[in-house]
Colleague: 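Just dropping this structure here.
For reference, positions follow the sequence shown, starting with 1. Nothing here was measured: the structure is a model prediction, and the numbers come from that model.
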Amino acid sequence: MQTRAAILWDKNTEWSVEDIELDDPKAGEVKVKLAASGLCHSDEHMVTGDMVIDKEIADLMGWKQFPVIGGHEGAGEVVEVGPGVTSVKEGDHVVLSFIPACGRCPSCAQGRQHICDLGAFLLSGRQISDMTSRHHAKNGEDLGTMCCTGTFEPYTVVNESSVIKIDDWIPLDKAALVGCGVTTGWGSAVNAAGVRAGDTVVVIGIGGIGMNAVQGAAMAGARHVIAVDPVEWKREKATSVFGATHSAASIEEAQAMVAEMTWGANADKVILTVGTATGDLIGPMMGMVTKGGRGVVTAVAPVMQEDVKLNLFDLAMQRKELVGCIFGNANPRRDVTRLLRLYEEGKLKLDELVTTTYTLDEVNQGYQDMRDGKNIRGLIKY
């Protein structure tokens with residue numbers, strides 16, 4: 001079929017909205033008519049090159065990252081299924097999970113679907129089933145899809161492992177947000193940090209991921225939730241809508257605030273959810289963590305980022321923990337539907353996350369607004 005998509009032809013270029021050819025699904029695959037796609041910062045990391053693998057390594061692995069259709073946070077309706085698909089049927093409403101969950105690999109079997117073995121193909125630019133492409137540019141060139149989904153297009157073909165059936169009455173434009181940002185942020189607090197009632201929690205960076213870490217920490221019963229961001233209106237939203245008890249414009253301001261409110265004991269949990277993680281942020285972040293407390297790095301760093309500033313004596317002698325987090329360390333087949341239940345009951349805020357909606361043709365404006373600090377989450381609606 002003919003459709004349109006936002007394509008990134010190379011790093012440091014703009015998204016190009018073009019006509020494309022979309023194949024029918026093959027064995028184990030599903031065609032989805034999308035209702036909406038979130039504008040997540042991870043796609044911006046493709047633009048800047050932070051998530052671009054060295055070409056020699058990519059060639060060795062048989063991967064081709066460019067050209068790629070962006071988007072990995074979406075929801076829609078199944079319109080066609082390939083042979084062997086059993087978990088969904090035509091007409092089902094689904095959320096696309098940006099990390100596939102096969103349910104059979106060692107990680108899935110241990111209840112850690114966020115590190116499913118199929119996640120190794122997230123940046124491969126090809127279909128999981130046979131490493132070929134279902135998306136083709138108007139010049140005939142094969143197109144990859146961001147995180148095996150490619151939601152910057154009204155129709156896409158994905159592997160069955162990337163779709164999660166949801167109830168038909170859930171608004172699809174809001175359900176799209178749970179495909180990445182909401183689950184990642186909420187799970188950063190609830191799963192990765194393990195926030196408990198009475199904890200003092202600091203969230204550094206309150207965009208589409210951090211704002212959900214704030215509401216996750218509040219929902220888990222934290223006594224103090226300090227939202228840290230230089231953008232004033234985001235800090236106001238964090239405290240008035242999403243459950244933060246305090247806010248700070250910088251890490252330095254937060255350090256003083258936390259020291260005062262805890263009588264020098266510091267925060268039980270500190271979560272890093274800035275747009276781009278850099279090594280110089282780790283030391284100050286861990287400096288706010290109490291003895292026996294935990295720091296969580298959810299923010300994406302450049303692929304080749306290796307230098308980290310951290311006091312190892314303090315880490316060991318105060319028995320602090322520094323842990324990584326992807327997709328909120330969630331089990332998407334369980335947590336996506338659980339979060340949507342919380343939304344139905346008015347406990348999880350999704351409507352309030354969407355600052356601005358865009359058409360597909362406005363995708364570049366949406367990312368400029370993100371860079372300018374104008375959005376918590378921008379959303380493309382089809």
Colleague: Is it true that R4 and D361 have a side-chain N and a carboxylate O under 4.0 angstrom from each other?
Modeller: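 Salt bridge between R4 and D361, a charged N being under 4.0 Å from a carboxylate O: yes.
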Colleague: Under 6.0 Å from the CD atom of E253, do we count more than 12 heavy atoms belonging to anything else shown?
Modeller: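 Yes, CD of E253 has more than 12 neighbouring heavy atoms, counting only those of other groups under 6.0 Å.
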Colleague: Taking only residues two or more places apart in sequence, or in another chain, which ones meet E18 in a salt bridge (Lys or Arg N to Asp or Glu O under 4.0 Å)?
Modeller: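 By the salt bridge (Lys or Arg N to Asp or Glu O under 4.0 Å) rule, E18 matches no residue at all.
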Colleague: When you look at NZ of K33, are more than 12 heavy atoms from neighbouring residues, nucleotides or ligands closer to it than 6.0 Å?
Modeller: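 No, because the 6.0 Å sphere around NZ of K33 holds 12 heavy atoms or fewer from other groups.
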Colleague: Do you know the tightest heavy-atom contact between V157 and Q127?
Modeller: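 Closest approach of V157 to Q127: O-NE2, 3.1 Å.
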Colleague: Quick check, are the ring centers of H114 and F327 under 6.0 angstrom apart?
Modeller: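 No; F327 has its ring centre 6.0 Å or more from that of H114.
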Colleague: Is there a side-chain contact between I380 and V363 (heavy atoms, below 4.5 Å)?
Modeller: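 Side chain of I380 against side chain of V363, heavy atoms only: contact under 4.5 Å found.
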Colleague: First locate atom NZ of K138, then atom CG of L143, and finally report the distance between them rounded to the nearest 0.5 Å.
Modeller: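 Rounded to the nearest 0.5 Å, the NZ-CG separation comes out at 11.0 Å.
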Colleague: Under the rule for salt bridge (Lys or Arg N to Asp or Glu O under 4.0 Å), what residues qualify as partners of R134, not counting sequence neighbours?
Modeller: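 With neighbours one apart ignored, the set is E29, D130.
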Colleague: If we ignore hydrogens and angles and just use 3.5 Å, is the side chain of T156 paired with the main-chain N or O of T149 as donor and acceptor?
Modeller: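 The answer is yes, because a donor-acceptor pair under 3.5 Å joins these two groups.
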Colleague: Check step by step if side-chain contact (heavy atoms from CB on, under 4.5 Å) holds for I20 and Y155.
Modeller: CA-CA 10 Å; I20 69 163; Y155 290 86; over 6 Å; no
Colleague: Give a yes or no on whether I128 and L96 share a hydrophobic cluster (residues Ile, Leu, Val, Met, Phe, Trp, Tyr; joining criterion: side-chain heavy atoms under 4.5 Å apart).
Modeller: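 They do share one cluster, since a chain of ILVMFWY contacts under 4.5 Å joins I128 to L96.
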Colleague: Counting distance only, does the side-chain N/O of N331 pair as donor-acceptor with the main-chain N or O of R334 below 3.5 Å?
Modeller: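 Pair absent, no side-chain N/O of N331 close to backbone of R334.
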Colleague: Mark yes when over 12 heavy atoms from residues, nucleotides or ligands other than E345 sit less than 6.0 Å from its CD; otherwise mark no.
Modeller: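 More than 12 within 6.0 Å, yes.
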Colleague: Just wondering, do L118 and C105 contact through their side chains at under 4.5 Å, heavy atoms?
Modeller: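 No, every pair of side-chain atoms sits at 4.5 Å or beyond.
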Colleague: Do R104 and D117 meet the salt-bridge criterion of a basic N to acidic O distance under 4.0 Å?
Modeller: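 Answer for the salt bridge query: no.
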Colleague: Return all side-chain donor-acceptor pairs below 3.5 angstrom for residues 275-292, not counting sequence neighbours, or 'none' if the list is empty.
Modeller:
{"unit_1": "T278", "atom_1": "OG1", "unit_2": "D280", "atom_2": "OD1", "d": "2.5"}
{"unit_1": "T290", "atom_1": "OG1", "unit_2": "A265", "atom_2": "O", "d": "2.6"}

Colleague: State yes or no: do V225 and M257 share one hydrophobic cluster built from I, L, V, M, F, W and Y residues joined by side-chain heavy-atom distances below 4.5 Å, directly or via other members?
Modeller: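 No, it is not one cluster - the side chains of V225 and M257 are not joined through contacts under 4.5 Å.
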Colleague: Could you list the residues that satisfy side chain to side chain donor-acceptor pair (under 3.5 Å) with D351, not counting sequence neighbours?
Modeller: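 Y343.
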Colleague: Are any of the side-chain nitrogens in E44 or R371 under 4.0 Å away from the carboxylate oxygens of its partner?
Modeller: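 Salt bridge present between E44 and R371.
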Colleague: Please answer whether the main-chain N or O of G205 pairs with a side-chain N or O of T273 as donor and acceptor at a distance below 3.5 Å.
Modeller: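 Yes, because the side chain of T273 sits within donor-acceptor range (under 3.5 Å) of the backbone of G205.
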Colleague: Could you see if M219 belongs to whatever hydrophobic cluster contains I226? Use Ile, Leu, Val, Met, Phe, Trp, Tyr and a side-chain cutoff under 4.5 Å.
Modeller: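 No, separate clusters.
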Colleague: Could you tell me whether the side chains of T239 and S247 share a donor-acceptor contact shorter than 3.5 Å?
Modeller: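 No, because no side-chain N or O of T239 sits under 3.5 Å from a partner of the opposite role on S247.
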Colleague: Side-chain heavy atoms under 4.5 angstrom apart, residues restricted to Ile, Leu, Val, Met, Phe, Trp, Tyr: same cluster for V85 and L22?
Modeller: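 No, no single cluster joins them.
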Colleague: Identify whether the distance between the nearest side-chain nitrogen and carboxylate oxygen of D173 and K381 falls below 4.0 Å.
Modeller: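 Judged by the 4.0 Å cut-off on N to carboxylate O distance, D173 and K381 do form a salt bridge.
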Colleague: If we only count heavy atoms from C-beta on, is the L353 to M211 side-chain gap below 4.5 Å?
Modeller: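 Side-chain contact under 4.5 Å: yes.
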Colleague: Examine distances only and state if a side-chain atom of N329 and a backbone atom of N191 form a donor-acceptor pair shorter than 3.5 Å.
Modeller: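 Checking the backbone N and O of N191 against the side chain of N329, no donor-acceptor pair under 3.5 Å is found.
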Colleague: Step through the shown structure and confirm whether more than 12 heavy atoms of other residues, nucleotides or ligands are within 6.0 Å of CD on E232.
Modeller: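 No, not enclosed.
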Colleague: Can you tell me if K31 has over 12 outside heavy atoms packed within less than 6.0 Å of its NZ?
Modeller: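 Enclosed.
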Colleague: Can you check side-chain contact (heavy atoms from CB on, under 4.5 Å) on W169 and H93, steps first, answer last?
Modeller: CA-CA 9 Å; W169 55 84; H93 287 194; over 6 Å; no
Colleague: Hey, are the side chains of P332 and F98 touching, using non-hydrogen atoms and a 4.5 Å cut-off?
Modeller: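 Of all side-chain heavy-atom pairs linking F98 with P332, none is under 4.5 Å.
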Colleague: With side-chain contact (heavy atoms from CB on, under 4.5 Å) as the criterion, how do F121 and M131 come out once you've worked through the C-alpha distance, each side chain's angles and the decisive distance to 0.1 Å?
Modeller: CA-CA 9 Å; F121 301 103; M131 294 302 288; 3.9 Å; yes
Colleague: Can you tell me if T183 uses its side chain to pair, donor with acceptor, with the backbone of G179 under 3.5 Å?
Modeller: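 A pair under 3.5 Å: no.
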Colleague: Verify, without hydrogens or angle tests, whether N139 (side chain) and E141 (backbone) share a donor-acceptor contact under 3.5 angstrom.
Modeller: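 Side chain of N139 to backbone of E141: a pair is present.
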Colleague: Can you measure from CH2 (W186) to CD (Q215) and round to the nearest 0.5 angstrom?
Modeller: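 Between atom CH2 of W186 and atom CD of Q215 there are 10.0 Å.
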Colleague: According to salt bridge (Lys or Arg N to Asp or Glu O under 4.0 Å), who are the partners of R338, at least two apart in sequence or on a separate chain?
Modeller: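 R338: salt bridge (Lys or Arg N to Asp or Glu O under 4.0 Å) contacts with D335.
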Colleague: Consider only side-chain N and O atoms of D369 and Q365, and report whether a donor and an acceptor are under 3.5 Å apart.
Modeller: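 Yes - a donor-acceptor pair under 3.5 Å links their side chains.
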Colleague: Check whether any side-chain N or O of D199 sits under 3.5 Å from a backbone N or O of A222 as a donor-acceptor pair, and report yes or no.
Modeller: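 Checking the backbone N and O of A222 against the side chain of D199, no donor-acceptor pair under 3.5 Å is found.
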Colleague: In terms of hydrophobic clusters joined by side-chain contacts under 4.5 Å, are V190 and I326 together?
Modeller: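 No, because V190 and I326 fall into different hydrophobic clusters, even though each may have its own neighbours under 4.5 Å.
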Colleague: How long is the straight-line distance from SG of C147 back to CG of D43, given to the nearest 0.5 Å?
Modeller: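 Between D43 CG and C147 SG, I get 7.0 Å after rounding to 0.5 Å.
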Colleague: Would you say E73's side chain and G181's backbone share a donor-acceptor pair under 3.5 angstrom?
Modeller: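 Indeed, once roles are kept as given, a pair shorter than 3.5 Å links the two residues.
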Colleague: Each residue besides M304 in its hydrophobic cluster should be listed here, by chain and number; the cluster joins Ile, Leu, Val, Met, Phe, Trp and Tyr at side-chain heavy-atom distances under 4.5 Å.
Modeller: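 For the cluster that includes M304, the remaining residues are V303.
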Colleague: Against V203, only a single residue in V214, D229, L272 fulfils side chain to side chain contact (heavy atoms under 4.5 Å, CB included); can you say which?
Modeller: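 The residue from V214, D229, L272 that satisfies side chain to side chain contact (heavy atoms under 4.5 Å, CB included) with V203 turns out to be V214.
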Colleague: Report yes if the side chains of R377 and C40 come closer than 4.5 Å at any heavy-atom pair, otherwise no.
Modeller: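 R377 vs C40: side chains touch.
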Colleague: Under 4.5 Å between any side-chain heavy atoms of V354 and L177, yes or no?
Modeller: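 Side-chain contact under 4.5 Å: yes.
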Colleague: Under the side-chain contact (heavy atoms from CB on, under 4.5 Å) criterion, do L39 and N375 qualify, and how do the steps go?
Modeller: CA-CA 10 Å; L39 297 175; N375 285 343; 5.5 Å; no
Colleague: Taking atom CG as the centre, does D307 end up with more than 12 heavy-atom neighbours from other residues, nucleotides or ligands that are less than 6.0 angstrom away?
Modeller: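 Not more than 12 within 6.0 Å, no.
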Colleague: Is it true that E344 and R341 have a side-chain N and a carboxylate O under 4.0 angstrom from each other?
Modeller: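 Salt bridge flag = yes for R341 with E344.
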Colleague: For residues T13 and L8, determine if any side-chain heavy atom of one lies less than 4.5 Å from a side-chain heavy atom of the other.
Modeller: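 Yes, close enough: below the 4.5 Å cut-off.
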Colleague: State, with a plain yes or no, whether a side-chain heavy atom of D24 is found less than 4.5 Å away from one of E80.
Modeller: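 Yes, at least one pair of side-chain atoms sits under 4.5 Å.
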Colleague: Which heavy atom of S37 sits nearest a heavy atom of T151, and at what distance?
Modeller: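 Nearest pair, atom of S37 first, then T151: OG-OG1, 2.7 Å.
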Colleague: Look at the aromatic rings of W15 and F152 and report parallel, tilted or perpendicular, splitting at 30° and 60°.
Modeller: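 Judged by the thresholds at 30° and 60°, the geometry between W15 and F152 is perpendicular.
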Colleague: Tell me whether E362 contacts the main-chain N or O of T359 through its side chain, where contact means a donor paired with an acceptor under 3.5 Å.
Modeller: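 Yes; judged by distance alone, with no hydrogens or angles, the pair exists.
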Colleague: Using 0.5 Å steps for rounding, measure from the CH2 atom of W233 to the NZ atom of K374.
Modeller: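 Rounded to the nearest 0.5 Å, the CH2-NZ separation comes to 11.0 Å.
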Colleague: Please check this pair: side chain of S97 against backbone of S162, looking for a donor-acceptor N/O pair closer than 3.5 Å.
Modeller: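 It does not hold such a pair.
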Colleague: Rounded to the nearest 0.5 Å, how far does CG of L350 lie from CG of N212?
Modeller: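 Rounded to the nearest 0.5 Å, the CG-CG separation comes to 7.5 Å.
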Colleague: To the nearest 0.5 Å, what is the distance between CD1 (I376) and CE (M370)?
Modeller: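 Taking CD1 in I376 and CE in M370, the distance rounds to 14.0 Å.
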